[in-house]
2 protein chains.
Amino acid sequence: MSREGQTSQPKYLRIAAELRGALERGDYQPGDRLPGENTLAADFDVAPLTMRQALGVLRSEGLVGSRKGSGWFVESFRPIRRRGIPRLARGQWGSGKTIWSADDHRAPDVDQITVQEDTPPPEHISDVFELAPGETVCVRSRRYVMEGRPVMVAESYLPQSLVAGSPITQADTGPGGIYARLADLGHAPARFREEIRVRMPSAEEAARLAIPADRSVIKLARTAFDSEGRAVEINEMTMDSATYVLDYEFDA
Amino acid sequence: MSREGQTSQPKYLRIAAELRGALERGDYQPGDRLPGENTLAADFDVAPLTMRQALGVLRSEGLVGSRKGSGWFVESFRPIRRRGIPRLARGQWGSGKTIWSADDHRAPDVDQITVQEDTPPPEHISDVFELAPGETVCVRSRRYVMEGRPVMVAESYLPQSLVAGSPITQADTGPGGIYARLADLGHAPARFREEIRVRMPSAEEAARLAIPADRSVIKLARTAFDSEGRAVEINEMTMDSATYVLDYEFDA
DNA sequence: CAGTGGTCTAGACCACCAA
DNA sequence: TGGTGGTCTAGACCACTGC
């Protein structure tokens, strides 16, 4: 190997840094196709596999994506801001600049929606609901897309005994959505808990979100409690970690 | 290649799944050393590079780690729960089971701490503070460790003009910490905003947190506003994404 | 059908660690 | 000093895409 890198940084990292700079300078526009692996490998004077390694770094960062048989493409990073706590009083705080600029005004559309009644729940769900053995749940599954691209899948779990026969078991829950219907049933959500963790996607999650296997996902589990402290809904969301900025605002 | 896998899943993923199962079954205990790459490659009857690829999957998931010249080791996943919103009234909600179990009672220790006064701020910081050109900030940098392992680094930015000469510029800020001292100065925090995003670590961040380059980090930026709506502190935290569960609890 | 990315092999050299 | 993981090379075959 050449002795030039006195800092002894690996080739693939130096190439990745060089390409990252080119992308940030705007040498390639979002959606543009990059030269093929072999062409790039010749340009940078490395073996194809080393070139792949460099491109893989940028892919895991969300800067580029690859389509088999087609090529490498520049991805646009326009994060979506999700407000965890609905802003009630829009006062002086609304004007403050945020750390990471993100489109506030776009909201994803629902792409797919399925409802399954009378399903045996996963263990961690029945634990939180404190269900008796054999009790089942209703599962509402939705996928959200933005500009044609899947960005989030969400699965809502509700105790079957609570929602049987209500509009919650229909695809269209009517005005106000699930929470309004829970209120109709006398279990209006009074408090929420949101738990966030990050991990690598399963093969199914990666396919459903159309993200590479080496891009991590955010798991956000939102539990709704009624006024008596009973957990009445759990919404488990899975998001592409490269497209979301989460936002929580609260008083001291 | 053998034709056995009718689902045509790549070898490295099948091997990763097999090893993952062995880890979850407890065949190896946290801290245990795995057989060497070459041994494993022979066991699974694949080329060493393919074996590496499989191990890399598990490493990015946080299940194993590697030390050059030493071997591959099983990592323990005991997530730390960080409560974003201090629980004021510990009522009926406290008893509810959570989705992801995590140690609530452990708190990381501060490992390193440095204070730099009169520093020119990064652009995104001066934007939020709405500083005039040339205005400087005070930067408090801390690293947190748990059981000897770095888990988070945090950098607090405060407007220099606000804190000059106060205990905030000392390593030890006294009882109550920064926020108590800000209150002494007449700028008690009244409201907070926390912004969360996920990305791959820079080389420096990976080194400071002692995590592999392919493990993502959580960036959490906490902005504190005083009662007049002025941003008085920004705390930018960087955490190992595999060791934290974030938690927010709030009323509807 | 030609070109693309995805996977896999069989080598090689290096830096680092532990005995 | 021998074994380890980290990097790199030069091939190969495959599945998929788009013309």
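Here is how names work: the chains are called A, B, and so on, in the same order as the sequence lines, proteins then strands, and each is numbered from 1. Here the structure is a predicted model, which means the values were calculated and not measured.
- At dG6(C), one or more side-chain N or O atoms of R59(A) fall inside 4.0 Å of OP1 or OP2 (strictly under the cut-off).
- Here the C1' atom of nucleotide dC8(D) and the CD atom of Q9(A) are 16 Å apart, to the nearest Å.
- Contacts of E61(B) classified as side-chain hydrogen bond (donor to acceptor under 3.5 Å, both in side chains), with partners at least two apart in sequence or in another chain: R20(B).
- F73(A) places its CZ atom 12 Å from the P atom of dT17(D), with the value rounded to the nearest Å.
- One interatomic measurement links the two molecules: CG of L34(A) to P of dT4(C), which rounds to 13 Å at whole-angstrom precision.
- In the displayed structure, D45(A) atom CG is contacted under 6.0 Å by at most 12 heavy atoms of other residues, nucleotides or ligands.
- With E236(B) contributing its side chain and E155(B) its backbone, the two residues share no donor-acceptor pair below 3.5 Å.
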Item to check | Nucleic acid footprint by protein, nucleotides 9-19 of chain C - heavy-atom cut-off 4.0 Å, B for base, S for sugar-phosphate alone | outcome: B------BB--
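- The side chain of Y12(B) sits closest to dC8(C) out of dC8(D), dG5(D), dC8(C).
- Counting to the nearest Å, the P atom of dA2(C) and the CG atom of N38(A) are 16 Å from each other.
- Judged purely by atom type and a 3.5 angstrom limit, R193(B) has no side-chain atom pairing as donor or acceptor with the backbone of A221(B).
- Considering only side-chain N and O atoms, W72(A) lies under 4.0 angstrom from the phosphate OP1 or OP2 of dG5(C).
- In terms of the ring pair (Phe, Tyr, Trp, His ring centres under 6.0 Å) criterion, Y144(B) has no residue partners (sequence neighbours excluded).
- Residue Q53(B) contributes atom CD, which lies 15 Å from atom C1' of dT7(D) at whole-angstrom precision.
- Side chain to side chain, E233(A) and S156(A) meet the donor-acceptor criterion of an N or O pair below 3.5 Å.
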